[in-house]
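What follows is a short report on a single structure.
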Number of protein chains: 4
Amino acid sequence: MRADARRNRDRILAAAEEVFARHGASASTEEVAAIAGVAIGTVFRHFPTKQDLLAAIVKELLARLTAEVAELASADPATALFDFVERVVEQAAEKRAVVELLAADGVRVGVADPLRGLADALGVLLSRAQQAGAVRAEIRLDEVLALLTATAQGALHGGWSEDLRRRALAVVFAGMRP
Amino acid sequence: MRADARRNRDRILAAAEEVFARHGASASTEEVAAIAGVAIGTVFRHFPTKQDLLAAIVKELLARLTAEVAELASADPATALFDFVERVVEQAAEKRAVVELLAADGVRVGVADPLRGLADALGVLLSRAQQAGAVRAEIRLDEVLALLTATAQGALHGGWSEDLRRRALAVVFAGMRP
Amino acid sequence: MRADARRNRDRILAAAEEVFARHGASASTEEVAAIAGVAIGTVFRHFPTKQDLLAAIVKELLARLTAEVAELASADPATALFDFVERVVEQAAEKRAVVELLAADGVRVGVADPLRGLADALGVLLSRAQQAGAVRAEIRLDEVLALLTATAQGALHGGWSEDLRRRALAVVFAGMRP
Amino acid sequence: MRADARRNRDRILAAAEEVFARHGASASTEEVAAIAGVAIGTVFRHFPTKQDLLAAIVKELLARLTAEVAELASADPATALFDFVERVVEQAAEKRAVVELLAADGVRVGVADPLRGLADALGVLLSRAQQAGAVRAEIRLDEVLALLTATAQGALHGGWSEDLRRRALAVVFAGMRP
DNA sequence: AATGAATGAGGCTTCATTCAT
DNA sequence: TATGAATGAAGCCTCATTCAT
């Protein structure tokens, strides 16, 4: 791929992230193009379908999150999981569309694989937290994922204040502890 | 309002609830009209805007929920709150649009007042639960509301199984207990 | 259907016939709307798809042709078939899209039935011509149809002069006679 | 022109013939480029316009046909004309776009001259057939051309079976005989 | 001369809303 | 009041053509 193409691709992705974050997945492709400063055709050359564009930014975020999880693999097992969840929920507001899609259309948008990647990585954090006695043994990965996305969505759509977010998560974390 | 107009209004609301529950708030007004068995013009005569229609069904649901809470005022304080939350989350899947709107557009849609009504009623349940020693004292109403909507959304969009829903709520409830 | 709707439907069909006759089936629906003097949405209300619009004008022409054939059922058997073919080819130039679709997309456009109706009616003319000794016995209906559409297309696309058309058909007719 | 340019030009022409034969003149230039194994820019360098590309392949085919006619100049006068027509119609299906363009846009596409060349060559076959008594004297060249393109188009768009094609042409040939 | 990315007009279709009947 | 036809802005996408690399 040529340098200018790469640059445009990146600008489109950035614009899409911004636009979809503001208006949700129903925002128009034209607006993405406008903000990216390219013609509409350019967007469709890089992402032949609106779905493809959405999938691309979701994948990117998932990859970023998975990487963050990986970094935490060597952190304190007793806090790593909670730290990660906290961080994700904190950033949720920046990722309107991503959260929507993760929750609603994960499969349809075709990000099943990256999603599994993130889940696997999270699973490791969970196991370690349980072995460290920081999380009850009977709690399973799907509950963690479910509560993660639920609170992320809540924080996002509900416009939670920082304080509210902290207290809500505190409840959830307390519920996970022995 | 004439009797037939009243009847039409009700049929439209019922149809809207059904349609928006199935396809979310992006479902078309035309489909609502079709299912209500009226012409599209009639829908717009009763609800000059799609937003108005959405607000109406949200209000209706909020009123219903508030009534349910009121009934629980005389139930066992130690379980009433948990029972109510359980029930709401359980029904979330049936109210796609309502959950969406409550979470996302609550203000814009203009249901602030009915929402406050529900919150107040819930506040009573919370106080009683705390006095009964079933919920930690430092937990505040906004956290409960936040976790309520978050899990409702999660259950809705995430397509949680009954089992997963139960386990996720169990975590939250455990976090609320002393 | 209301009177104004009927009127619009007819105007759209007339406009479509004109537009598609001039520019072929690839002409734009917008142009049809413009010439019909209605908004684009009105075209799509009456014909939800461009294909539907095309199918409608093809069906209409087929019906017209079938009616013409029926009228000829009592005419001189020795000349009725030739007269009809002559007439169709003569009118071909006015029906660009129709001829295109008849020839190319008959099935896809969903006019199989009306087409069969015309074929059946033509079959009667052919039998009678053969019984009257005006057409060789071994000639079958599909050849007649094939030569009919071929010459109609030829006349249409080739821009045949009246004289050329007459001479070309004279050859074909001579080939059909005993 | 450099050798590689020449090679590219030929590959583009071959690809265009194939693509337009399959999908008609509305096939995309991009597909031509893909099959030719060159970039889209290269196609437009050689043929500044889609029309030019179409004209080029039509010209090529016409030249090929004219050459075939020339070869038949020394064949049996009584059958050469019929043989040629038969062959052209037979091949029609392989030349979707060519037939379309010959018939529809001959002039616009700017292939008047090569077309005249073919016509002249055909004229020779016709004269000889008439002198041999195989074709009626009053039949003129334009009728032959008209019937040739008409049946070619018919065979192409109508999807005639081999049998139908033979019978339809038999009728036409019978009509040309004394 | 080749490449392939960028452009942007134009096509089809949907749908909230208005308005004549 | 109800009906349902009409409106037209807006969305997604395609593709001939241009232009920087």
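Bear in mind the structure is a predicted one, so any value in this text is a computation, not a measurement. So that the names make sense, note that chain A is the first sequence line, chain B the second, and so on, each numbered from 1.
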- Between CZ of A:Phe20 and C1' of F:dG11 the distance, given in whole Å, is 12 Å
- Task: Look only at the side chain of D:Ser28 and the backbone of D:Glu31, and say whether a donor-acceptor pair between them is shorter than 3.5 Å.
- Result: yes
- Of the listed F:dA2, F:dG4, E:dA16, the closest approach to the B:His46 side chain comes from F:dA2
- Proximity to the side chain of D:Ser28 - top-ranked nucleotide from E:dA5, F:dC15, E:dA1: F:dC15
- Per nearest nucleotide of DNA chain F, the residue lying toward the 5' end, D:Glu30 or A:Arg7, is D:Glu30
- Of F:dT18, E:dT18, F:dA20, the nucleotide closest to the side chain of D:Phe44 is F:dT18
- Item | Gap between atoms CD and C1', on C:Gln51 and E:dG11 respectively (whole Å) | 14 Å
- Query: Between CZ of A:Arg7 and CD1 of A:Ile12, what distance do you get to the nearest 0.5 Å?
  - Reply: 12.0 Å
- Query: Mapping B:Ile40 and A:Thr42 onto DNA chain E by nearest heavy atom, which one lands closer to the 5' end?
  - Reply: A:Thr42
- Message: Under a 3.5 Å cut-off for both contacts, is E:dA20 paired Watson-Crick or G-U wobble with anything, and if yes, with which nucleotide?
- Response: F:dT3
- Query: When the distance from CZ of C:Arg11 to P of F:dA5 is rounded to whole Å, what number comes out?
  - Reply: 16 Å
- Please determine, for the side chain of D:Lys50, which listed nucleotide (F:dT17, F:dC12, E:dA6) has the closest atom? F:dT17
- Item | For atom CZ of A:Arg45 and atom P of F:dT18, their distance in whole Å | 16 Å
- Map D:Ala5 and C:Gly41 onto DNA chain E by nearest heavy atom, then report which one ends up closer to the 5' terminus. D:Ala5
- Message: Measure CG/B:Asp52 against C1'/E:dT18 and give the value in whole Å, please.
- Response: 16 Å
- Query: DNA chain F: A:Asp4 or C:Val43, which has the more 5' nearest nucleotide?
  - Reply: C:Val43
- Compare every heavy atom of B:Leu62 with every heavy atom of B:Leu115, then report the nearest pair and how far apart it is. N-CD1, 3.7 Å
- Task: Calculate the interatomic distance between C:Asn8 atom CG and E:dA20 atom P; express it in whole Å.
- Result: 14 Å
- Side-chain N,O (C:Thr29) to OP1/OP2 (E:dG11) below 4.0 Å: no
- Task: Give the C-alpha distance, both sets of side-chain angles, the deciding distance and a yes or no for side chain to side chain contact (heavy atoms under 4.5 Å, CB included) between B:Phe47 and B:Leu54.
- Result: CA-CA 9 Å; B:Phe47 306 94; B:Leu54 286 167; over 6 Å; no
- Item | Euclidean distance, atom CD of residue D:Glu31 to atom P of F:dA16 [Å, nearest integer] | 11 Å
- Message: Can you tell me which nucleotide in F:dT17, F:dT3, F:dA2 comes closest to the side chain of D:Thr49?
- Response: F:dT17
- Task: Name the pairing partner of E:dT13, where a pair is Watson-Crick or G-U wobble with both distances under 3.5 Å, or state none.
- Result: F:dA10
- Starting from P on F:dT18, measure out to CZ on D:Phe47 and report it in whole angstrom. 16 Å
- Task: Quick one: closest heavy-atom pair of A:Lys50 and A:Phe44, and the distance?
- Result: N-CE2, 4.5 Å
